[in-house]
Enquirer: 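I am attaching a structure below and will ask some questions about it afterwards.
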Amino acid sequence: MYGIVNKAIESLVIESFGVEKWDKIKESSDVEVDFFISNEPYDDDITYSLAIAVAKEMNITVGDVLVAFGEYWVLKTAKEKYGNLLEAGGNSLREFLINLPAFHNRIMLIYPKLTPPEFKVSHLEETSLHLHYFSKRAGLKDFVVGLLQGLGKLYKTEVKLEVINDRDNGDHHEIFKVSW
Amino acid sequence: MSINLKEEQLNKLFPFHILIDNQLKVKAFGKSVSKLFPLEVGLNFFEHFTIKRPEISNPSFYEIVEHIDQLLIISYLKNTDLFIRGQVELLEDINCLLFIVTPWFSNVDMLKEYNIGMNDFAIHDPSIDLLHSFKAQEIAVNDAKELFERFQLQKSDLRRLSLIAEETFNSVVVTDNKGRVQWANKAYENLTGYSLAESRGKTPGSLLQGKDTDPETIKYLRERIDLGLSFDCELINYNKQKQPYWIRLSGQPILDRKGKVVQFFAFEEDITEKKKLEDDLKLIDFALRNTAIPIYFITKEGSISDYNVSLRETLGYTEEEFKKVTLFDLSVRHTPETWALRWEELKEKGNSYNQTMLRKKDGTLINVEMRVTILNYGNREIAFASFIDITEKILAEKRLEEQRHFYEHVLNNIPSDIAVFDKEHRYLFLNPIAIKNPELRKWMIGKKDEDYFLHTNKPKQIADKRREQFNEVITNKKLIAWEEELIRPDGKKEYHIRNMYPAIDEEGNVTLVIGYGVNITERKLIEQQLERKEKRYRDLFNYSQALICTHDLNGKILSVNPALCNTLGYQSDQLINRTLVEFIPEKDRLHFKPEYLDKIATDEKTGGVFRVISKDGRILFLLFQNYKVQEFGEEPYVIGFSQDITDRVKAEKELLVAKKMTEESAKAKEIFLANMSHEIRTPMHGILGIAGLLAKTKLDAEQENYINLITESANNLVVIINDILDIEKIGSGKFEFEKVDFKIAEKLSTTIQSFQYKAEEKGIKIELKYDFSPNLVVKGDPYRLSQILNNLMSNALKFTKQGKIVVKGTIEEENEEAIFMKFTVTDTGIGIKKDKLSIIFDPFTQASSDTTRKYGGTGLGLSICKNLVEMQGGIISVDSEEGIGTTFSFTIPYDCGFNIIPNKGETEINTDKSIFNFKKILMAEDVIVNQFLARVILESGGFKVDIANNGVEALDLFEKNDYDLILMDIQMPEMDGVTTTAKIRQLQDEKKANIPIIALTANALVGNEKEYYDAGMNACLTKPFTQEKLFEVLTKVLNPSLNLHVSNKRNIT
Ligand code: HEM
């Protein structure tokens, strides 16, 4: 994953717990990279190791880490670093989610080595839709949950999530029913 | 081919297209355009837009067509920031221009500004992706910046670190993994003396270790390095100059990523000083543990965390016992609560220094000077306490204080003034004698005499004098004494002896000056007095007319006074040291020692007459009275006083003659008076006697009157004689008073009775009044009382023509021994002039010269009265008013008499003539008239009378005849009465020898009745006497039951 992701984890930890904690986490993660460069791709293991190390150090599940990270990604990283570009994705949560499938397609152009997720929208209603998440990576379901919750907060919309399909349950891909 | 696009399609593909006609008016525009501008159909396009590039200043339809194949950048006139970019195409069929454009956003924020979202762009439009791309770029740049900054930071950190390593005082060495030096800092070079170049490639040990380096430590280091482990030790190194020093060496392996030791980083600290400090600390610890000063540490809770032997031993505990001891066992005042408070207090103050008491194991208390400090090291607080046992010191101080009190008490009570000064003459101490006022005394301390004298306004000279003396004491370091004269506030002088002496320390410096003074005023005054006395004596000695000398017991002259020198004609040095005997005539010298020197040595004093030879050879008679003087501690000597009596001795003979003559002349006077008295009385006796006889014959009135005149004249003459004799007696002090018991009342009335007849004749009444018992008896002289009264009565009668005379007797005062009788004689006569009252009692005085002429009298009466009263211890006074009358008062103190008087005295006697019958009387009398008179009277009384003309005849007759009584005249020729009586009393015949003898005398002056009684006479009659008197005396004498001593003296009227 691109360095921006690891950097985001770093920021999340430093902002929430301080530099020392981050140094410790990094130490325990055995990640030897001192500095992540946003538009450089890094081994996915590094990202996973960091997430696991955070969970260990904070004594929470990796799932919790990913949820928190998802929220932080939207509300802090995306919003701060990309600013109005994120909001250009739509004037409402609904609009944003409808545009979401194209979102990473565009990003892919910018980050050529990106292994982007793929989203599809079905069952579009006025107050709900089914969001299909296809990924080459495993175990990032909770990250998506965090992202969606973050989006809800961004658009000041109360969001209800329901996992309809789950790769963990042998399904082909994850399907979230997002209601607001 | 031609494609027709529906408006919807056109909108989807080109949401920002604008269609304008050949008039350049907006004909249509895309769905997203209005988000950018408020565009309306029909507006002139170039009124709102301008083509920025290529620059078309005046765009016309055809000119624009010219630019169809070009990129157009169009800006909005109202917002020059906003550009749209694209191209234009001519739609010939409708003769319109179609602008296919899209907005050009230079940053993401513009999206928000124009509320343009992803959907406002045609999907094929990469504008938003471009923005994304920019953003990614921006982020990447930021990352790069951040990375660069961090790198810079690390770089400067590194530089700093290496600088620190380079510059640090401790030496830093980096070795390879075998311990060979790769790099070392300056401190290393300084410490070891080896340069980096010298050291590089060698192990530090090979360079620095030496003989005292502990091999164990070297071994340890080798092992650690071989194992790639850190090390930490202290060891001795030697520098290039082979000087040893201590270092603390700590090293750390430097690992690579794979954990392989690549280098060692070693850090060396020079701990030589620290080592020394440690040794010092050990020493201090030892000192503290072994010092005699008790030391201990107390925790906040009051337990004793550490202590030294001295503490334990001072308090008397064994080591085992002391383990359980806490502060509260030792302290007399701390409980855990107070200690906690004290702790806070100490923390605030830092430390405390005070006196307190500690309890020993055996319970006794000791006084200590305690110092407690709260120490704070690490995070630990502990109280450090130490003390000095001052129990002994306090005791000593107390004793010293007591001693000081004692001395002060002594000093305060020494009856001399005492002052102690410091070296600058300031007062340190004064006792109350020196300064009485305690406030002043206090004030004086620290002051100088100058201050004091100024303060009390005393003369400065005294202060100056004292200062002078003080300076002398300081320089000479010796006692000085001087005398001071002070004037007291009352102006009297005071003298003080002042002493000042220095107190000198071991080095011989004056530390204090002690002054004491004694008030010697009294002594001084005595001295002065003595001096004056001595001067007086000296003056006396020098100026005295008495001849004075002193000599020792051998007669050696010690001193002579000028008078003696003058008398003898020698200078004093010619006399002094010579012996007295040298100045005595040869023939007297033998007697000098035995009769003078020896005598005075034993008798202490002697007197007599020396015969002395003067310088010019005359013999002088010195009457001397000499005394031996023995003074303590001195040789006895003799002081002699003498008087030159040479002239007197010569005159003595003449004097003796003169004396004899004087004596003889006095005697002659007395004899003359006695004779005169005798010679006058004798004829008066005759005249009165004869007149008495004549009066008893038959006479006519005229004859009777003549007789009366004769009698009165004669009586007056007798009174005059008596008065003169009395005055003479008084003057010669020969007056005597009787002391007999008598009844006052009786005496008064008999005295008055004798005036009754005369008074009646003048028609004057006489009254007698008294306020005491008629039987009141006093002891005194009744005759003198009636003499006084007679005088006063006769005066009163004399000066009173009519009225009365009152005689009053009162007891004025009475006590156990004496009774003061007051008598007054008051008349209603002519009175006495005021100015004469004061001289009335003077002799020879009458109220006026007229008085003498008119009333007669000698003027002696009142003077005699006064003398008689005063001689008996009384007083007499007169009170008179002219024309009204006069009162004489007198008081006489009498002794208390017996109340019962034996039946005696004239008033008791009844003249019983029967006892006279046939009694034979021998009368010795030389005067014929008297013989005749006595015979007539006696024979009229029934006596038989024989007459002898003198004593011889009387003796002769008495031997031949028997008589019952003899009347013996004193003055007779041949043999006088006294001699005759003596002879009679010596007769063998007892009966004859005891015959009653009555003396008859005209000698009132010499009138020594005692002489008569001594001669053996029984009674005495003074001539002239009356018949009554004679008979009265005869009755008494002849009646053996009566007292035989009878006298008619002073009773002549
Ligand atoms: C400006 C906004 C965003 C940017 C720049 C962005 C960027 C990225 C990047 C760089 C990756 C890493 C993929 C790789 O490096 O191979 C990623 C992963 C992912 N993104 Fe986003 N993203 C954005 C917003 C979103 C949003 C709104 C969602 C919402 C659901 C989302 C969901 C995901 C998911 C689920 C993954 C995990 C990839 C996987 O499953 O394989 N992203 N994104």
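The structure displayed is predicted, hence computed values, not measured ones.
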Enquirer: Quick check on B/K52: does its NZ atom have over 12 non-hydrogen neighbours (other residues, nucleotides or ligands) under 6.0 Å away?
Expert: no
Enquirer: Rounded to the nearest 0.5 Å, how far apart are CG of A/N91 and CG of B/N115?
Expert: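 If we round to the nearest 0.5 Å, A/N91:CG and B/N115:CG are 5.0 Å apart.
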Enquirer: For the OH atom of A/Y111 and the NE2 atom of B/H132, what is their distance to the nearest 0.5 Å?
Expert: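 Atom-to-atom, A/Y111:OH and B/H132:NE2 are 8.0 Å apart.
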Enquirer: Applying side-chain hydrogen bond (donor to acceptor under 3.5 Å, both in side chains), can you list everything that pairs with A/E174, at least two apart in sequence or on another chain?
Expert: A/R167
Enquirer: Does a sphere of radius 6.0 Å around NE2 in A/H172 hold more than 12 heavy atoms from other residues, nucleotides or ligands, not counting ones at 6.0 Å or beyond?
Expert: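 Atom NE2 in A/H172 is not packed in, count stays at 12 or less.
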Enquirer: With rounding to the nearest 0.5 Å, note down the distance linking CG in B/N119 to CG in A/N99.
Expert: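 Answer for the CG-CG pair, B/N119 versus A/N99, is 4.0 Å.
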Enquirer: For atom CG of B/D157, decide whether the heavy atoms of other residues, nucleotides or ligands shown that lie under 6.0 angstrom number more than 12.
Expert: yes
Enquirer: Should the heavy atoms of other residues, nucleotides or ligands under 6.0 Å from CZ of B/R224 be counted, would the total exceed 12?
Expert: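 Counting neighbours around CZ of B/R224, more than 12 heavy atoms of other residues, nucleotides or ligands fall under 6.0 Å, so yes.
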Enquirer: Hey, what do you get for CD (B/E138) to OG (A/S38), rounding to the nearest 0.5 Å?
Expert: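 The CD atom of B/E138 sits 11.5 Å away from the OG atom of A/S38.
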Enquirer: Does B/Q70 CD have over 12 foreign heavy atoms under 6.0 Å away?
Expert: yes
Enquirer: Which heavy-atom pair separates A/K81 from B/I139 by the least distance, and what is that distance?
Expert: CB-CD1, 3.8 Å
Enquirer: B/D109, B/L131, B/L111: which one forms the most heavy-atom pairs within less than 4.5 Å of chain A?
Expert: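 Ranked by heavy-atom pairs under 4.5 Å with chain A, first place is B/D109.
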Enquirer: Heavy-atom count check: over 12 atoms from other residues, nucleotides or ligands less than 6.0 Å from A/F35 CZ?
Expert: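 Atom CZ in A/F35 is crowded, with more than 12 foreign heavy atoms closer than 6.0 Å.
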Enquirer: Could you measure the distance from the CD atom of B/Q137 to the CD1 atom of A/I110? Nearest 0.5 Å is fine.
Expert: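 The CD1 atom of A/I110 is 10.5 Å from CD of B/Q137, to the nearest 0.5 Å.
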Enquirer: Taking B/M118 as the fixed residue, which of A/E95, A/R106, A/E87 is the one that meets the side chain to side chain contact (heavy atoms under 4.5 Å, CB included) rule?
Expert: A/R106
Enquirer: State, yes or no, whether a side-chain contact exists between A/K7 and B/D143 at a heavy-atom distance under 4.5 Å.
Expert: yes
Enquirer: Got a second to check how far B/I123's CD1 is from A/N105's CG, nearest 0.5 Å?
Expert: 11.0 Å
Enquirer: Can you tell me which portion of B/L130 sits under 4.5 Å from chain A's heavy atoms? Options are side chain, backbone, both or neither.
Expert: neither
Enquirer: Take a 6.0 Å sphere around CD of B/E7 and say whether it holds more than 12 heavy atoms from other residues, nucleotides or ligands.
Expert: no
Enquirer: Between the main-chain N or O of A/L85 and the side-chain N or O of B/K135, is there a donor-acceptor pair closer than 3.5 Å?
Expert: no
Enquirer: Contact part of B/D120 toward chain A, heavy-atom cut-off under 4.5 Å: side chain, backbone, both or neither?
Expert: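 Contact with chain A: none, neither part.
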Enquirer: Would the number of heavy atoms belonging to other residues, nucleotides or ligands and lying under 6.0 Å from NZ of A/K160 be above 12?
Expert: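 No, not enclosed.
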